[in-house]
K.L.:
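The structure that follows is given in the form of structure tokens.
Source: prediction; values computed, not measured. Basis for what follows: all heavy atoms, side chains included, without hydrogens, waters or symmetry-related copies. Proteins get letters first, then strands, A, B, ... in listed order; numbering begins at 1 in each.
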Amino acid sequence: MTKPALVRGTRDFGPAQMAKRNYIFDTIRQVFQRYGFAPLETPTMENLSVLMGKYGDEGDQLLFKVLNSGNFSEKLTETDWQEGYKKLTPKISEKGLRYDLTVPFARYVVMNRGELAMPFKRYQIQPVWRADRPQKGRYREFYQCDADVVGTDSLICEAEIVLMLHEVLRGLGLENFTVKINNRKVLSGIAEVIGALGQETTLCVAIDKLDKIGQEKVEAELRERGFSDETILKLQPIFKLGADHTTLFNDLRTWLATSEIGLNGITELEKVWQLVAQFGLQNPQMELDLTLARGLSYYTGAIFEVKANGVQMGSISGGGRYDNLTGTFGMPGLSGVGISFGVDRIYDVLEELGLFSENQAVSTQVMLTNFDEVAQSYGLNVLRQLREAGINAEIYPEATKLKKQFEYADRKHIPFVLIIGSEEIRTGQLSLKNLKTGEQQKTDLEQVKAILIQ
RNA sequence: GAGAUUGUAGCUCAGUUGGUUAGAGCGCCGGAUUGUGAUUCCGGAGGUCACGGGUUCAAGCCCCGCCUUUCUCCCCA
């Protein structure tokens, strides 16, 4: 016999955790559906040809690969082994676990293009896997909750993402958050204006770290990567511009006046603010954050990130617009925009802020005791009537000591125990005990149902 | 991929410079109480000290390897 253990970076979710997780999933799902997104599920495994090359070299390394079935080494030669794992891998593995939900989604859209109502709005809630080294808030198996729209450039999609973010988080009781927004075109404009066109990725990677490592270290990193002092000097406004979006838009227009793409980006951002206002969102918690870049290179327009304030936690949600996502599957020119909720982090935030309601874990409302065969037979009939009345009920499966039965109910946090013994059967007056208050009363079944339904 | 860190009962953790039989709290099981949980009292079970080597008369403790926990870097949301 071997000691059981979990695979590194994976977790079990017990009943108590599942109740909370389902509450988060349900909230997110409801909002997605209210906004017209349709559900989609894709297989756990994809062909490596679909996954490889979509996430960069690092990403390819982080893919879990599945060994071919059967005699995978049958056709291998001695030289195959000697050439190293990079050349060996494709010869023994052709499938991998999905790394995110966006690429499988793109694959699905391309394969079903003829049948989809465009623009296509889908949501997808499934686990993804990454062969990363686990650390805080980072696992090898975790859930993503994505909602994406493909097939339209309309900024209404961006605005609706902002609205959904507000609705989900407020629906979860999380009031203190900030939806940070930026636009890749503005970042391109900045690169153009400071004379670093073509080095946007380097610029973005560095700027993205601003709130983490500070201005000086960002400048140092840029210098190290070949940015001149003059270029860095021209970048200074990014560190100084205020947070108020109305004046910020004006200041930006002045700064990026010579960059057409930059001005386009500003216009897009303003439009999103305008659409959200037209919708009438109460008290929008949006912030234009020029330092928001995110690592993903495929974002081309809006960029989103959500920060829960008052807790030590990375972003709990992120997304953006990506043009041409389906291009690598032979379907160019399709623009998409999407958002992804990080359930695991939201869970931690809600836990830390004490925002889960207490009776989340309650499932069974009443447990029937089991004295002997006669009482059990009587109890089963009562049990049916309780369940027909919509009450979550169970009967203790064995006729053991009452003490043991009560302990079971107590450990399961079942609020009521219905005691059915010979006396109760004779009189029809059942004993209902409230385990929280310790009170016990004798009453008929109709009254029991009335009490439990409250 | 690099660095640090952790692992002892079901859980949380003690365990002295290497020294006889590895402990505590909680939990679990049984009883006090054959119709009443959470509180009380009594008793009991439970350990390959992560795993594999090595040093030593002697290893939970020292050395090497390996897995694992947590964290940082890289990277990624």
Side-chain angles (χ1 to χ4, degrees), chain A residues 1-11 14 54-63 85-86 99-103 128-140 142-146 180 201 204-206 208-209 212-213 217 221 292-299 303-307 312-320 338-346 366-372 375 379 396 399-426 430-442:
Chain A
M1 203 162 47
T2 49
K3 261 190 189 173
L6 286 174
V7 168
R8 178 173 210 191
T10 66
R11 300 155 294 164
K54 306 298 189 300
Y55 312 105
D57 286 347
E58 298 267 357
D60 288 352
Q61 300 264 356
L62 296 179
L63 284 171
Y85 75 99
K86 281 189 179 171
Y99 179 91
D100 70 0
L101 300 179
T102 310
V103 166
V128 301
W129 292 268
R130 296 183 187 181
D132 206 353
R133 185 168 297 200
Q135 47 182 283
K136 188 181 179 81
R138 204 190 271 191
Y139 304 96
R140 290 181 139 181
F142 60 97
Y143 273 76
Q144 289 194 333
C145 306
D146 281 23
K180 294 183 176 182
T201 309
C204 288
V205 169
D208 193 43
K209 297 178 185 167
K212 220 175 179 181
I213 62 177
K217 285 188 176 171
E221 179 168 332
L292 175 60
R294 297 172 65 84
L296 281 186
S297 47
Y298 57 67
Y299 287 130
I303 308 172
F304 302 101
E305 191 165 281
V306 181
K307 175 88 180 69
Q312 194 79 28
M313 181 63 70
S315 73
I316 55 176
S317 181
I339 191 72
S340 179
F341 285 90
V343 175
D344 301 277
R345 288 183 173 180
I346 290 174
V366 60
M367 185 200 79
L368 278 57
T369 61
N370 189 336
F371 279 90
D372 49 38
Y396 196 84
T400 56
K401 299 178 190 178
L402 260 205
K403 176 184 168 71
K404 201 163 183 181
Q405 303 189 27
F406 268 84
E407 276 173 354
Y408 170 81
D410 186 46
R411 294 198 54 161
K412 251 186 113 170
H413 300 114
I414 297 172
F416 290 95
V417 171
L418 190 60
I419 303 156
I420 301 175
S422 54
E423 195 185 327
E424 284 82 0
I425 293 172
R426 199 180 66 242
L430 309 178
S431 298
L432 184 67
K433 179 160 183 174
N434 182 327
L435 290 199
K436 272 187 192 134
T437 63
E439 289 167 15
Q440 187 169 324
Q441 58 179 306
K442 285 203 166 185

K.L.:
With sugar-phosphate meaning primed atoms plus P, OP1 and OP2, does A:Q61 contact a base, only sugar-phosphate, or nothing at under 4.0 Å between heavy atoms?
P.N.:
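A:Q61: no heavy atom of the nucleic acid under 4.0 Å.
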K.L.:
Would you kindly give the CZ-to-P distance between A:R11 and B:rU69, to the nearest whole Å?
P.N.:
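Nearest whole value for this atom pair: 12 Å.
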K.L.:
Could you tell me the separation between the CG atom of A:L402 and the OG1 atom of A:T369, rounded to the nearest 0.5 Å?
P.N.:
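Output value for this atom pair is 6.0 Å.
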K.L.:
Partner of B:rA24 by Watson-Crick or G-U wobble geometry, both contacts under 3.5 Å, or none?
P.N.:
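With both distances under 3.5 Å, B:rA24 matches B:rU12.
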K.L.:
CZ of A:F416 versus P of B:rA38: gap in Å, rounded?
P.N.:
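Taking CZ of A:F416 and P of B:rA38, I get 19 Å after rounding.
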K.L.:
Can you tell me the distance, in whole Å, between the CZ atom of A:R140 and the C1' atom of B:rC75?
P.N.:
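It works out to 14 Å between those atoms.
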K.L.:
Is any side-chain N of the basic residue among A:D132 and A:R140 closer than 4.0 Å to the acidic one's carboxylate O?
P.N.:
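Salt bridge: no.
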K.L.:
Find which nucleotide of RNA chain B each of A:K404 and A:G438 is nearest to by heavy atoms, and output the residue with the more 5' nucleotide.
P.N.:
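On the 5' side of the pair lies A:K404.
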K.L.:
Contact class for A:F371 (heavy atom, under 4.0 Å): base, sugar-phosphate, or nothing?
P.N.:
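Base: the residue A:F371, judged by heavy atoms under 4.0 Å, touches a nucleobase.
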K.L.:
Side-chain N or O of A:R411 less than 4.0 angstrom from OP1 or OP2 on B:rC28?
P.N.:
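So the side-chain polar atoms of A:R411 do come within 4.0 Å of the phosphate oxygens OP1 or OP2 of B:rC28, strictly under.
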K.L.:
Assign A:G342 to base, sugar-phosphate, or nothing according to its heavy-atom contacts below 4.0 angstrom with the strands shown.
P.N.:
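Nothing, no nucleic acid heavy atom in range.
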K.L.:
Using both distances under 3.5 Å as the test, list the Watson-Crick or G-U wobble partner of B:rA4, or none.
P.N.:
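Paired with B:rU70.
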K.L.:
Taking donor-acceptor contacts at under 3.5 Å, does the side chain of A:R133 reach the base of B:rC71?
P.N.:
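In this structure, the two groups form no donor-acceptor pair.
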K.L.:
A:E407 CD to B:rG27 P: how many Å, rounded?
P.N.:
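So the two atoms are 11 Å apart, to the nearest Å.
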K.L.:
For B:rG31, does either OP1 or OP2 sit under 4.0 Å from a side-chain N or O belonging to A:K401?
P.N.:
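So the side-chain polar atoms of A:K401 do come within 4.0 Å of the phosphate oxygens OP1 or OP2 of B:rG31, strictly under.
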K.L.:
Please report the closest heavy-atom contact between A:A375 and A:I420, naming both atoms and the distance.
P.N.:
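For A:A375 and A:I420, the tightest heavy-atom pair comes out as CB-O, 3.5 Å.
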K.L.:
So which of A:T102, A:D100, A:D60 actually passes side-chain hydrogen bond (donor to acceptor under 3.5 Å, both in side chains) with A:Y55?
P.N.:
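Going through A:T102, A:D100, A:D60 one by one, the side-chain hydrogen bond (donor to acceptor under 3.5 Å, both in side chains) with A:Y55 is satisfied by A:D100 alone.
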K.L.:
Under 3.5 Å, is there a donor-acceptor pair between the A:K412 and A:Y408 side chains?
P.N.:
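Yes.
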K.L.:
Going by an N to O cut-off under 4.0 Å, is there a salt bridge joining A:K403 and A:E407?
P.N.:
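Between A:E407 and A:K403 there is a salt bridge, with a charged N closer than 4.0 Å to a carboxylate O.
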K.L.:
Determine: side-chain N/O of A:Q135 to OP1/OP2 of B:rU72, distance under 4.0 Å, yes or no.
P.N.:
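Checking B:rU72 against A:Q135, a side-chain N or O does come within under 4.0 Å of OP1 or OP2.
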K.L.:
May I ask you to verify whether the side chain of A:Q405 and the base of B:rU36 hold a donor-acceptor pair under 3.5 Å?
P.N.:
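Side chain to base: no pair below 3.5 Å.
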K.L.:
With respect to the phosphate group of B:rC67, does any side-chain polar atom (N or O) of A:R8 fall under 4.0 Å of OP1 or OP2?
P.N.:
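No, no such contact exists.
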K.L.:
Can you tell me how far C1' of B:rA2 sits from CG of A:D132, to the nearest Å?
P.N.:
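Checked: the CG to C1' distance equals 14 Å.
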K.L.:
Starting at NZ of A:K442 and ending at P of B:rU36, how long is that distance when rounded to a whole Å?
P.N.:
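Spelled out: NZ on A:K442 to P on B:rU36 is 14 Å.
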K.L.:
From CG of A:L432 over to C1' of B:rG37, roughly how many Å is that when rounded to an integer?
P.N.:
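Roughly 14 Å, once rounded to whole Å.
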K.L.:
Any base atoms under 4.0 Å from A:R138, or only sugar-phosphate, or nothing? Heavy atoms, all strands.
P.N.:
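Base: the residue A:R138, judged by heavy atoms under 4.0 Å, touches a nucleobase.
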K.L.:
In whole Å, I'd like the distance from the CZ atom of A:R426 to the P atom of B:rG35.
P.N.:
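In whole Å, B:rG35 P and A:R426 CZ are 15 Å from each other.
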K.L.:
Please compare A:S340 and A:V7 by the position of their nearest nucleotide in RNA chain B and report the one closer to 5'.
P.N.:
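The answer here is A:V7.
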